[in-house]
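Below is one structure, written out as structure tokens, with a few remarks after it.
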Amino acid sequence: MENLMGLLRIRVRRGINLVVCDTVSSDPYVVVTLGKQALKTRVVKKTCNPEWNDELTLSIMDSNIPIMLTVYDKDTFTVDDKMGDAVIDIKPYIECMKMGLQNLPNGTKVERVQPNRENCLADESCIIWNNGKMFQDMCLRLRNVERGEVEVQIEWIDLPGRKAFQC
């Protein structure tokens with residue numbers, strides 16, 4: 001636990017235009033993995049545009065280890081179908097946290113992150129200071145599938161008595 005930098009809260013908000021895996025829709029859920037940690041949202045039945053609004057919290061030991069997000073279709077009698085995956089790139093967010101910003105007005109855009117070949121962003125993502133915390137909203141384009149996006153928000157949680165990003 002001495003290597004623990006802090007916690008990362010991932011709000012898995014919703015899926016957009018996910019692929020159909022069953023007859024006319026899907027029963028999607030999301031699994032977020034980081035190393036040996038794997039956390040799962042609830043299953044939303046019979047939709048390709050699920051609203052999860054689930055919060056998952058990962059322990060961060062090394063900000064360079066990729067966070068994988070994988071969408072599955074829940075099946076009753078067979079193995080769940082994979083509906084695509086994406087990487088949550090927290091490096092720009094971590095760089096903003098290292099700036100040690102305090103007392104900014106609510107809604108201040110600290111950084112804009114553009115989609116590129118290294119990230120799975122479907123659109124520009126802003127890192128915003130609000131109520132004394134840094135948030136990043138992302139719309140991730142799923143890979144290894146013909147279509148689909150997942151909206152997530154990340155937020156850093158410092159551990160009591162320990163500041164991961166002191167300047």
Side-chain angles (χ1 to χ4, degrees), residues 1-16 18 28-42 50-72 82-145 147-167:
M1 287 302 253
E2 62 196 46
N3 296 341
L4 185 59
M5 294 173 62
L7 304 174
L8 187 72
R9 178 177 294 138
I10 301 172
R11 289 180 183 89
V12 182
R13 293 208 161 128
R14 66 188 188 122
I16 303 165
L18 301 177
Y29 66 93
V30 173
V31 175
V32 175
T33 56
L34 173 64
K36 294 180 180 178
Q37 300 174 76
L39 303 169
K40 182 175 127 175
T41 66
R42 62 193 168 82
E51 298 274 342
W52 290 291
N53 293 312
D54 285 0
E55 291 186 358
L56 309 174
T57 304
L58 294 170
S59 301
I60 305 296
M61 308 282 195
D62 180 351
S63 60
N64 293 312
I65 297 174
I67 299 171
M68 288 296 303
L69 178 145
T70 308
V71 182
Y72 292 94
K82 189 172 176 182
M83 299 173 68
D85 60 71
V87 174
I88 300 174
D89 182 10
I90 65 169
K91 289 185 195 88
Y93 180 84
I94 297 295
E95 289 305 311
C96 289
M97 292 294 295
K98 288 179 180 176
M99 291 180 191
L101 304 172
Q102 309 298 337
N103 304 320
L104 292 174
N106 280 344
T108 300
K109 290 182 182 172
V110 178
E111 179 75 43
R112 294 175 191 259
V113 183
Q114 300 298 324
N116 61 40
R117 290 178 183 249
E118 271 74 70
N119 63 38
C120 291
L121 294 175
D123 203 353
E124 178 181 87
S125 171
C126 292
I127 300 171
I128 297 174
W129 180 264
N130 213 4
N131 295 323
K133 295 185 177 194
M134 198 92 65
F135 297 91
Q136 183 177 3
D137 290 308
M138 301 179 202
C139 185
L140 302 170
R141 180 171 287 121
L142 296 176
R143 306 177 301 185
N144 305 310
V145 69
R147 68 173 191 268
E149 297 173 357
V150 175
E151 287 183 1
V152 299
Q153 179 187 70
I154 60 173
E155 171 193 356
W156 188 262
I157 302 168
D158 276 318
L159 297 172
R162 187 186 310 194
K163 292 279 187 196
F165 307 109
Q166 290 182 338
C167 299

key: Beyond-backbone contact of Asp89 with Glu118, side-chain heavy atoms, under 4.5 angstrom   = no
Considering all heavy atoms, the nearest Ile60-Leu4 contact = O-CD1, 3.5 Å
request  = For the pair Asn130 (side chain) and Asn106 (backbone), establish whether a donor and an acceptor sit closer than 3.5 Å, ignoring hydrogens and angles.
outcome  = no
ask   = Between the main-chain N or O of Ser59 and the side-chain N or O of Gln37, is there a donor-acceptor pair closer than 3.5 Å?
value = yes
query = Side-chain contact, heavy-atom cut-off 4.5 Å: Met83 with Leu142?
reply = no
request  = Evaluate the side-chain proximity of Val150 to Val12: yes if any heavy-atom separation is below 4.5 Å, no if none is.
outcome  = yes
query = How long is the span from the CG atom in Leu56 to the CG atom in Asp54, to the nearest 0.5 Å?
reply = 6.5 Å
query = Sub-3.5 Å donor-acceptor pair from the side chain of Thr108 to the main-chain atoms of Trp129, do we have one?
reply = no
task = Would you check if the side chain of Arg14 reaches a backbone N or O of Asn53 as a donor-acceptor pair within less than 3.5 Å?
result = no
ask   = Of all heavy-atom pairs between Arg11 and Phe135, which one has the smallest distance, and what is that distance?
value = NH1-CE2, 3.8 Å
query = Taking all non-hydrogen atoms of both residues, which atom of Met138 and which atom of Ser125 are closest, and how far apart?
reply = CG-OG, 3.7 Å
task = Please report the closest heavy-atom contact between Cys120 and Arg143, naming both atoms and the distance.
result = SG-CD, 3.7 Å
ask   = When rounded to the nearest 0.5 angstrom, what is the spacing between CZ in Arg141 and CG in Leu121?
value = 9.5 Å
task = Any chance you could measure Trp156, atom CH2, to Lys133, atom NZ, to the nearest 0.5 Å?
result = 12.5 Å
task = Ignoring hydrogens and angles, tell me if any N or O in the side chain of Asn3 forms a donor-acceptor pair with the backbone of Asp62 under 3.5 Å.
result = no
Distance-minimising heavy-atom pair for Tyr93 and Gln136 = CB-OE1, 3.4 Å
key: pair Met134-Ile127: side-chain heavy atoms closer than 4.5 Å   = yes
ask   = In Å and rounded to the nearest 0.5 Å, what is the CD1 to CD distance from Ile16 to Glu51?
value = 9.0 Å
Atom pair OG (Ser63) and CG (Leu34), whose distance is rounded to the nearest 0.5 Å = 10.5 Å
inquiry  = Check whether Asp85 reaches the backbone of Asn144 with its side chain - one donor and one acceptor, N or O, closer than 3.5 Å.
reply    = no
ask   = How many angstroms lie between atom CG of Leu69 and atom OG1 of Thr33, to the nearest 0.5 angstrom?
value = 8.5 Å
ask   = What do the steps show when you test Met5 against Leu159 for side-chain contact (heavy atoms from CB on, under 4.5 Å), and what is the final call?
value = CA-CA 8 Å; Met5 294 173 62; Leu159 297 172; over 6 Å; no
note = Only one of Val152, Ile154, Val87, Leu58 passes side-chain contact (heavy atoms from CB on, under 4.5 Å) with Ile67, and that residue is Leu58
request  = Can you see which heavy atom on Gly35 is nearest to which on Ile65, and at what distance?
outcome  = N-CG2, 4.3 Å
